[in-house]
Student: 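Pasting a structure below so you can have a look.
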Amino acid sequence: MTDFRVPGRGRVDHDRPVKFRFDGETIHGLSGDTVASALLAQGRHLMGRSFKYHRPRGPVAAGSEEPNALIGTSRGRGRFEPNTRATVQEIFPGLKATSQNKYPSLKFDIGAVNDRAYMLFSAGFYYKTFMWPRSFWDRVYEPFIRAAAGLGVSPDKVDPDHYASRNLHTDVLVVGAGPAGLAAARTAAEAGLRVTLVDENAEVGGTLLSEPQAMIGGQAAWDWVAAELAALEALGVRVMTRTTAIGYYHQNMVGLCQKLTDHLETPNPDMPRERLWRVRASQVVLAQGALEKPLVFDGNDRPGVMLAGSAQTFLNRYGVRVGDRAVVVTSHDSAWYAAFDLADAGTRIAAIVDTRVEPRPDLMAEAAARRIKVLAGHTVSGTAGRLRVKSVRVNRVSGGTVGFGRQIDCDCLLMSGGWTPSLHLFSHTKGSLKWNETQNTFLPDHVTEACQIAGAGRGLWGIGAALNDGAAMGAAAARALGREAEVGTTDVGNDRPGTGTSHTELPTDRSAARARAFVDFQNDVTAKDLRLAVREGMRSIEHVKRYTTNGMATDQGKMSNINGLNIAADALGKPAPQVGLTTFRPPYTPTTFGAFAGYHRGTHFEATRKTPIDGWAEENGAVFEPVSQWRRAWYFPRKGESMDDAVLRECRTTRESVGMFDASTLGKIEVVGPDAVEFMNRMYTNPWTKLQPGRARYGLLLGDDGFIRDDGVIGRLSDDRFHVTTTTGGAARVLNMMEDYLQTEWPDLKVWLTSTTEQWATIALNGPNARKLLEPFVEGLDISPEAFPHMAVGECTVAGIPARLFRVSFTGELGFEVNIPARHGRALWETLFAAGQAFDICTYGTETMHVLRAEKGYIIVGQDTDGTVTPQDAGIGWAIGKAKPDFVGKRALQRPDLVAEGRKQLVGLLTADGATRLEEGAQIVLDPKQPVPMKMVGHVTSSYRSVAAGRPIALALLEGGHARMGETVHIPMPHGVVAATVTGTVFHDPEGARLKL
Amino acid sequence: MTRFSALSLLRNAVTGHKGWTEQWPDSQPKDEYDVVIVGAGGHGLGAAYYLAKEHGITNVAVIDKGWLGGGNTGRNTTIIRSNYLYDESARLYDHALDLWEGLSQELNYNVMFSRRGVMMLAHNVHDVQSFQRHIHANRLNGVDNRWLTAKEAKAFCPPLNIAPDARYPVMGAALQMRAGTARHDAVAWGYARGAAARGVDIIQNCPVIAIRRGPDGAVQGVDTAKGFIKAKKVAVSAAGHTSVLMDSAGVRMPLESFPLQALVSEPVKPVMPCVVMSNTVHAYISQSDKGELVIGSGTDQYTSYSQRGGLPLIEHTVAAICEVFPIFNRMRMLRKWGGIVDVTPDRSAILGKTPVPGLYVNCGWGTGGFKATPGAAHVLAHTVARDEPHPINAPFTLERFTTGRLIDEAAAAAVAH
Amino acid sequence: MLLIHCPYCDETLPEAEFAYAGEAHVARPLDPSSTSDEEWRDFLFIRSNVKGDHFERWRHAHGCGRFFNAVRDTVSDRFLTTYKAGAPRPDLTALKDAAE
């Protein structure tokens, strides 16, 4: 195999060979190579297959805009990713690269049969067929299409790497470290500003890396870059390479993705693979340069056909000649220089084909000096070669007539259709673009964020122009931040500014309908697809794009958007700007999911809130359930117990002796102030004025729409102090709602609200022996039944720990809730558990809590209510202070539908056979024999096996339920109808005697 | 109109595709129409199609400020399902699903409705209870929906992580097998082509500035960038922009417009066989026929028409996807975009008459309007043609916000549409 | 992510610290019992949802905890001003002139 490496050339290290594998074969490259440059150095252009036609493809570009040379990359178990651009992936020992979208091999791919039938697969063909027979879409056509589509394969293992994220505040963020960006950073930094300079490449320099001939201020380009970099570092500029600015968000926030390990042989395992930066910059300078446009002609996609500027990059940056015998076809001056550089490096330039009739005389002269044949006023009408271009067909164009074609042999064809400013980030800001007639491109117009656009981004060509504009824009950024900034002018020698013309498809003497002139290489969109879309009535660029998929490949239109627009505009007979702007959307280049997820993986996906007693529960075999952000002990199985067994035992022990429950997750809000009682009167449905200090009451909170939002027991500690409890999931919501009303509707009230949820650990003791267990530990409070009755609250010490003690029950048994400072929670829990052994105490979890409360008909907001339930519906109308002039939700309860007959009301249900447990969520009907769709009259909200009732019990919301006591209703299940009797909601101790023990 | 078929495709292939004609003309407004529909998305175009086809009303214009199908129709994640809890919703979405199943044939345009199944993950006991309630209600309503254990869910969707020690473990899932996805653009284009063939004018790039009412209070027409267009009836089907338009007719709406973001990955070979939704972690994902993972995000917290959306939400959404599908961690995001969704207080649509005679509204679909497209369009056409709601959309009134008869799917289920 | 000025803390901070709280200047009727069903609906549900300058509420949830008002252009998401709860609507013309 020929070696296409030019000794000593480029920025690769010729003394450091690097081996890696491509499709199983060992490839010898050099340190500093990309996969693409290493393969090209061996004369291999074929690196991939296209999306639709599976056409053989090689790299058309040298950077992140590459649409063709996509490969799978892997470096060991779990470290595989598809669709990596070979032109970006740096090589390292151990890298395994594989080609994609081919079977069985890259050189012989069965999928390429599509290419033979290309006439069938015109734009939007799938909208027109695959409709008959109807059932075939799911079963035949779609599976076939899906299997054919896609490029690489998904990773199939969990990613062992980790990812990081950081925030950064900077005065000036400069995006792009080419001549404009370097100069902007230098100027802003010299004005005394904190500057951050980022570039997606492995090193700074941008276009200068491909143009070593330039002399900047008397210095050779690469020496200048090195000196500038040193100067920037000395000025404290943060320079980040391999860092892509992916998106430009509100108020000058720019997202960056920094790649840290993908180029390393043996990365430090502690190092993240990538890091997402959220940069907030006072000023942003966009110096992203320009992207070269391909020319559109038949066969412009064969391996070996590439952008002239990219060929120049491969030569000057990587020391690789992309072929031995090149033809250059161009409509822009820049490609001539690529030809000269390659010629000087030993590639034979068979011809420079310029579509323009009169190329620049100085270029003609240089070509002549190198004995390069120039075909001015010519077009390219075709290429030949299956896995590599082997010849090109050129024709003279005169007076609009295309002459005979003649063939020129070559092994590479370098093309240039001119350059397009890279305005992707600018586009993210919704900044407007304006069509520039002379340059035939969009340039930035109205700027919406604090940003400057420098250099090629605003249509300035040549290193000198870019560099001096960069300095000017750096100064503009500095001045916008109130700094003085000096702007000098730098002389650039051997500069290569140029101009060009723009084309749609190149003229041809052949049938345009047969031409395979690609616009979007990866998605196989041809010029005639675009014209077909227009013929079919697609008039906006958005329609054309969506109909043909032009610009929707992984390069996101970097190669294809402007050519596509020009062709569509031509087909419509309209100027390009009237056909519409193509919108660029973030990210600038495809960005790893892991970088976005950052630290939020696994257990760190979201915080897990744990109570102080959680550790004990874990050590004692609790099974947990997630409840909002908390994890709560669900039940405490003993050896060999099923969940049902454990819950039944916990229920029995609690009802017969005493059970202990960790209620610390209950929300707690301290409501304090001279107007606390008035505030409570307005917020909650209940009346609070007459509640004495030392007493507690069940509180019900509605929204102003009249529906139940939350509930909880509320103790009055003193005239001006309430201890409010909320549901576990509702704590933050309730506090926010209280603050909202307090601050914005009733700012006159003197009340202060404090969340105390995490200050207190709450231990609930329930059961006939609860007092016997607790009493010995209590000091400073008489908790006898007479002195401390049901719904009493008081302050005391428990086992020497200061406590707020509530006598309250969510089980129907004698109950106490001990609130102690959180740090003592576990100690007291263990103390009580030890002392409880004398009573055969059990600990119980949320499931038993649910059963015990359901036996008493106590509702759980969010389970027995669902956001459409009023207090009356829930059977707790008694909690409404009817005499109060107002409370949140009072007005809404008078709305027509909330007082209508037939609302769903909470009832109890007992299955007729006394043995079947209904399913929660099961629907209730009156007539089980009716056909589907059935008239449903309600559903089961809670359902449990009940020890206390000796049978399964259920709560349900039932239409007109309160008036249906004793009636039989039906619950149709998949395997038969269950009959149930409507009852009250209290299944245990209806008199409440046990509460009063 | 050229009829689309394998044969016509073949015939055109041979002749270099010269025979295809435009799928709809770019009409200029006439002075007067029987019906003007504001908003050329799937809903508006579909309503025009059904007005012409089923009600014989063809003097219809569909007017859009931009290009047809350029709003939420072309910006959504294309999830189609009907397993809603309440009878009202189930009827509406199941009606839509019935129409989806025959839509390609109806329109002679392959909308690629793909019944690959939509699976909704339960991550806690509350989710389980809620989904079971849905499944039972759906069964008695004749709506397909069934319960899967975590293992069954994994078997149905192999990339799913069902490790019990996950931060939000999968406790099971509700699966609607009949549900799936469709090609969003094709829906707008198919309806546009069908409507245009029946005489409907589709007027693009013509912003409607105001709805004009006569001295009797009834609708007279619309003021547009291209002048006044007289109309006996006006139907507003303009998603996020509804409030502004209705306000011009003196009708204030219970709507707020929020940014909604979505994103796709680079394309890969088939790996996700179905649609998966997880409301608890806020992740919605499917794979397009092209191979891209299509991922839905939640709405940003503030109202906006900017279509920009913030980075934090994207970070969270991608984290959620990687939590449920850890093998996708090394996949790459290709592009993300934003839409504007109009949200009602009960998260259900408003579809029907308004206090203004001759003015109809179809809005408030929030994040879930795409799936309703054929159904909503169909009953909107009925409502406009008959000046009375179809029984299916009768409950989706504006009045419900006065009476309190809300259709609160969100409160009932904590499930995103 | 937006940057928001809290008028109580007098600092401009990232959106992550704040919670959006809906349209501003929608006052709860002082005597709800005397309102009609329509008036109550308006209070609960009807929102201007303007495309342009929007008066809205934010809460500095992870800061001082205060609710305050803001004017934001919903087309560009740019804040014109923020001001304390209870303060009257600012004069937008004057604000815009000042910004020019």
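This structure is a prediction, so every number in the text was calculated from the model and none was measured. What you see below is based on every heavy atom in this structure, not just the backbone, and it leaves out hydrogens, waters and symmetry mates. All chains are named by letter (A, B, ...) in the order of the sequence lines, taking the proteins before the strands, and each is independently numbered beginning at 1.
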Student: Can you say whether Ala148(A) sits under 4.5 Å from chain B via the side chain, the backbone, both, or neither, judging by heavy atoms?
Tutor: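 For Ala148(A), the backbone is the part near chain B, not the side chain.
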Student: What part of Gln307(B) lies closer than 4.5 angstrom to a heavy atom of chain A: side chain, backbone, both or neither?
Tutor: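 Both backbone and side chain of Gln307(B) come within 4.5 Å of chain A.
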Student: Using non-hydrogen atoms and a 4.5 Å limit, figure out which bit of His543(A) sits close to chain B: side chain, backbone, both or neither.
Tutor: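 Both the backbone and the side chain of His543(A) come within 4.5 Å of chain B.
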Student: Give, as side chain, backbone, both or neither, the part of Met973(A) having an atom under 4.5 angstrom from any heavy atom of chain B.
Tutor: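 Both the backbone and the side chain of Met973(A) come within 4.5 Å of chain B.
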Student: Can you say whether Ala320(B) sits under 4.5 Å from chain A via the side chain, the backbone, both, or neither, judging by heavy atoms?
Tutor: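 Both the backbone and the side chain of Ala320(B) come within 4.5 Å of chain A.
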Student: Between Gly255(A), Gly602(A), Ala553(A), Gly598(A), which has the largest tally of heavy atom pairs under 4.5 Å with chain B?
Tutor: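 The candidate making the most pairs under 4.5 Å is Gly602(A).
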Student: With a 4.5 angstrom heavy-atom cut-off, is it the side chain or the backbone of Pro164(B) that approaches chain A, or both, or neither?
Tutor: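 Looking at Pro164(B), nothing touches chain A.
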Student: What part of Arg631(A) gets within 4.5 angstrom of chain B, counting heavy atoms only: side chain, backbone, both, or neither?
Tutor: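 For Arg631(A), there is no contact with chain B at all, as no heavy atom is under 4.5 Å.
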Student: What part of Gln204(B) gets within 4.5 angstrom of chain A, counting heavy atoms only: side chain, backbone, both, or neither?
Tutor: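 Just the side chain, heavy atoms under 4.5 Å.
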Student: For Ser511(A), which atoms come within 4.5 Å of any heavy atom of chain B: side chain, backbone, both, or neither?
Tutor: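 For Ser511(A), no heavy atom lies under 4.5 Å from chain B.
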Student: Could you tell me which portion of Ile246(A) (side chain, backbone, both or neither) has an atom closer than 4.5 angstrom to a non-hydrogen atom of chain B?
Tutor: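 It is neither, since no heavy atom gets under 4.5 Å.
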Student: Would you verify whether the NZ or CZ of Arg167(B) falls within 45 degrees of the ring axis of Phe605(A) while also being under 6.0 Å from that six-membered ring's centre?
Tutor: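 No, cation not above the ring by the 6.0 Å, 45° rule.
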Student: In terms of heavy-atom pairs under 4.5 Å, which option from Pro896(A), Pro626(A), Ala513(A) contacts chain B the most?
Tutor: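 Option with the greatest count: Pro896(A).
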Student: So what's closer than 4.5 Å to chain B heavy atoms on Leu532(A): side chain, backbone, both or neither?
Tutor: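 The side chain, not the backbone.
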Student: Does NZ or CZ of Arg193(B) come closer than 6.0 Å to the centre of the six-membered ring of Tyr127(A), within 45° of the ring's axis?
Tutor: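 Not flagged: Arg193(B) not positioned over aromatic ring of Tyr127(A).
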Student: Identify which part of Met112(B) has an atom lying under 4.5 Å from any heavy atom of chain A, answering side chain, backbone, both or neither.
Tutor: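 When you check distances to chain A, atoms from both the backbone and side chain of Met112(B) fall under 4.5 Å.
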Student: Quick check on Glu542(A) against chain B: is it the side chain, the backbone, both or neither that has a heavy atom closer than 4.5 Å?
Tutor: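 Neither part.
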Student: Relative to chain A, which segment of Asn205(B) carries a heavy atom at a distance below 4.5 Å: side chain, backbone, both, or neither?
Tutor: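 Neither part.
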Student: To check you understand the geometry: which heavy-atom pair defines the closest contact between Gly19(B) and Asn12(B), and what is its length?
Tutor: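 It is N-OD1, 3.0 Å.
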Student: Does any backbone or side-chain atom of Val14(B) lie under 4.5 Å from a heavy atom of chain A? Answer side chain, backbone, both or neither.
Tutor: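 Looking at Val14(B), just its backbone touches chain A.
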Student: Chain B heavy atoms under 4.5 Å from His604(A): which part of the residue, side chain, backbone, both or neither?
Tutor: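 Neither part.
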Student: Which atom names give the shortest non-hydrogen contact between Thr2(B) and Thr21(B), and what distance separates them?
Tutor: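 So the two residues come closest at OG1-OG1, 3.2 Å.
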Student: Can you tell me which portion of Asp138(A) sits under 4.5 Å from chain B's heavy atoms? Options are side chain, backbone, both or neither.
Tutor: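 Side chain only.
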Student: Against chain B, label Met552(A) side chain, backbone, both or neither, depending on which of its atoms sit under 4.5 Å from a heavy atom there.
Tutor: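 Met552(A) touches chain B through backbone and side-chain heavy atoms alike.
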Student: So which of Gly291(B), Gly142(B), Ala6(B) has the biggest tally of heavy-atom pairs under 4.5 Å with chain A?
Tutor: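 Ranked by heavy-atom pairs under 4.5 Å with chain A, first place is Ala6(B).
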Student: Of all of Ser265(B), Ala166(B), Gly74(B), which one pairs up most often with chain A through heavy atoms under 4.5 Å apart?
Tutor: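 Ranked by contacts with chain A, first place is Gly74(B).
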Student: Select, from Gln132(B), Met272(B), Gln105(B), the one with the greatest count of heavy-atom pairs under 4.5 Å involving chain A.
Tutor: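 Heavy-atom pair counts peak at Gln105(B).
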Student: Salt bridge check, Lys545(A) against Asp185(B): does any charged N sit closer than 4.0 Å to a carboxylate O?
Tutor: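 Salt bridge absent between Asp185(B) and Lys545(A).
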Student: Begin with the C-alpha distance, continue with both residues' side-chain angles, and end with the deciding distance and a verdict on salt bridge (Lys or Arg N to Asp or Glu O under 4.0 Å) for Arg332(B) and Glu266(B).
Tutor: CA-CA 6 Å; Arg332(B) 300 189 194 97; Glu266(B) 292 183 324; 3.0 Å; yes
Student: What part of Leu103(B) gets closer than 4.5 Å to chain A, counting heavy atoms only: side chain, backbone, both or neither?
Tutor: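 Neither part; nothing is under 4.5 Å.
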Student: Taking Tyr547(A), Phe130(A), Phe51(A), Tyr599(A) one by one, which has the highest count of heavy-atom pairs under 4.5 Å against chain B?
Tutor: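 Greatest number of close heavy-atom pairs with chain B: Tyr547(A).
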Student: For the OG1 atom of Thr129(A) and the CG atom of Leu9(B), what is their distance to the nearest 0.5 Å?
Tutor: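 Thr129(A) atom OG1 to Leu9(B) atom CG measures 6.0 Å (nearest 0.5 Å).
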Student: Tell me, for Ala515(A) versus chain B, whether the close heavy atoms (under 4.5 Å) come from the side chain, the backbone, both or neither.
Tutor: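 Neither part; nothing is under 4.5 Å.
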Student: Give, as side chain, backbone, both or neither, the part of Pro931(A) having an atom under 4.5 angstrom from any heavy atom of chain B.
Tutor: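 Looking at Pro931(A), nothing touches chain B.
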Student: Using a strict 4.0 Å threshold on nitrogen-to-oxygen distance, state whether Arg330(B) and Asp161(A) make a salt bridge.
Tutor: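 Salt bridge between Arg330(B) and Asp161(A), a charged N being under 4.0 Å from a carboxylate O: yes.
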Student: For Phe707(A), is it the side chain, the backbone, both or neither that has a heavy atom under 4.5 Å from a heavy atom of chain B?
Tutor: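 Side chain of Phe707(A) only, per the 4.5 Å heavy-atom cut-off to chain B.
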